[in-house]
Amino acid sequence: MFSSHVAWAVYVLIELDKVLNTGNNPKGMIISTDNKMHKSVLHNVLRRLMSIGYIARTSSYNKYRLTVNISQVSIYALVKLFHGDVCIGEIYDHCHTIGKENFTTAEFNNFLSYERDFKESICIRMQETYLCDLIKLSDKSNLLGLENK
């Protein structure tokens, strides 16, 4: 469900948080792809995270540092940053949906109402889930392939 941009933004923020908390390199760290993701995706992620003030580039070449507490960064904030909102399935105009003719007006309206309620519940859950919660999960299940803290 999460795009590669959101997944890599989570990865970058968690890695920078690790560096900040261990104090190993207070001036920041170099973020590179190591052939795990396309360089254009990495640059897009870094540029977007800098644009909203989550990270900053240090005076050193390609070093970045975290400028926010990840306990204040929700999953929803990252999804919204890269996609504008949560999208379930493909984006389409309900007024011109193919297959609409298979439903009565009441059935179709019920379907749309269910979809809206479902999306709202997903948005609320994402708004209530912060990156620090993902770290707690990763300690248990190695979420995102990150090594345990």
Side-chain angles (χ1 to χ4, degrees), residues 1-98 100 108-109 111-149:
M1 184 160 111
F2 297 121
S3 70
S4 59
H5 287 80
V6 172
W8 283 107
V10 168
Y11 173 79
V12 165
L13 293 172
I14 288 176
E15 287 300 307
L16 289 175
D17 182 65
K18 285 180 186 178
V19 168
L20 182 67
N21 287 330
T22 59
N24 289 340
N25 196 348
K27 293 183 179 179
M29 71 179 275
I30 295 174
I31 306 287
S32 65
T33 66
D34 295 335
N35 296 321
K36 293 178 183 174
M37 79 170 121
H38 198 276
K39 286 182 181 180
S40 66
V41 173
L42 174 63
H43 293 298
N44 187 322
V45 167
L46 294 173
R47 185 173 41 80
R48 293 268 183 108
L49 291 174
M50 283 191 304
S51 74
I52 60 168
Y54 284 2
I55 65 172
R57 184 179 283 188
T58 65
S59 57
S60 302
Y61 176 73
N62 276 345
K63 281 193 175 181
Y64 296 88
R65 63 180 173 77
L66 191 62
T67 57
V68 295
N69 186 328
I70 64 168
S71 66
Q72 298 172 336
V73 179
S74 71
I75 299 300
Y76 181 78
L78 295 176
V79 169
K80 190 170 181 175
L81 174 65
F82 289 99
H83 307 297
D85 198 4
V86 174
C87 176
I88 301 172
E90 52 187 307
I91 301 171
Y92 57 89
D93 181 358
H94 288 295
C95 297
H96 299 96
T97 303
I98 297 173
K100 178 179 178 180
F108 192 70
N109 288 337
F111 178 74
L112 294 181
S113 177
Y114 172 78
E115 184 181 68
R116 256 190 317 277
D117 292 345
F118 187 67
K119 179 181 173 186
E120 286 176 17
S121 68
I122 289 174
C123 289
I124 289 169
R125 186 164 181 199
M126 285 182 180
Q127 289 168 350
E128 295 172 347
T129 305
Y130 295 88
L131 293 186
C132 60
D133 300 326
L134 292 182
I135 290 174
K136 292 173 191 171
L137 288 174
S138 70
D139 288 343
K140 296 176 185 173
S141 64
N142 202 17
L143 183 72
L144 296 176
L146 300 175
E147 54 190 58
N148 291 338
K149 274 188 116 178

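What you see is a predicted model; the values in this text were computed from it and never measured. One-based numbering along the sequence shown. These values consider heavy atoms only, across backbone and side chains, with no hydrogens, waters or symmetry-generated copies.
Atom CG of L78 and atom CG of L13 lie 6.0 Å apart (nearest 0.5 Å). The line from CG of D133 to CD of E128 is 10.0 Å long, rounded to the nearest 0.5 Å. Here OG of S4 is found 14.5 Å from OH of Y11. Values are rounded to the nearest 0.5 Å. Here CG of L20 is found 9.5 Å from CD1 of I70. Values are rounded to the nearest 0.5 Å.
Counting only residues at least two apart or on different chains, the salt bridge (charged side-chain N to carboxylate O under 4.0 Å, His left out) pairs with a member in residues 74-85 are D85-K119.
Checked by atom type and distance alone, the side chain of S121 pairs as donor or acceptor with a backbone atom of F118 at under 3.5 Å.
Using a 4.5 Å heavy-atom cutoff, the side chains of L42 and W8 are not in contact. When side chains are defined from C-beta on, L16 does not count as touching R65, because their heavy atoms never get closer than 4.5 Å. Contact annotation: the side chain of F2 approaches that of M126 to within less than 4.5 Å [non-hydrogen atoms, C-beta and beyond].
Taking the salt bridge (Lys or Arg N to Asp or Glu O under 4.0 Å) definition, one finds that D117 meets it with nothing, sequence neighbours left out. With sequence neighbours excluded, the residues forming a side chain to side chain donor-acceptor pair (under 3.5 Å) with S40 are H38, listed by chain and number. In this structure H43 satisfies the side chain to side chain donor-acceptor pair (under 3.5 Å) test with no other residue, sequence neighbours excluded. Checked against side chain to side chain donor-acceptor pair (under 3.5 Å), N69 has the following partners two or more places apart in sequence or in another chain: S71.
In this structure, H5 and H83 have perpendicular ring planes: the angle between them is above 60°, well past the 30° mark.
The two residues R125 and T129 have their closest heavy-atom pair at O-OG1, 2.8 Å. Taking both residues in full, the closest heavy atoms of Y76 and C123 are given as CE1-SG, 3.8 Å, listed atom of the first, atom of the second, then distance. Taking both residues in full, the closest heavy atoms of L131 and I75 are given as CD2-CD1, 3.7 Å, listed atom of the first, atom of the second, then distance.
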Please list every donor-acceptor pair under 3.5 Å in which a side-chain atom of residues 45-55 meets a protein atom from a residue at least two apart or in another chain.
residue: R48; atom: NH1; partner: L81; partner atom: O; Å: 2.8
residue: S51; atom: OG; partner: R48; partner atom: O; Å: 2.7

Please test L66 against V68 for side chain to side chain contact (heavy atoms under 4.5 Å, CB included), starting from the C-alpha separation and ending with a verdict.
CA-CA 6 Å; L66 191 62; V68 295; 4.2 Å; yes

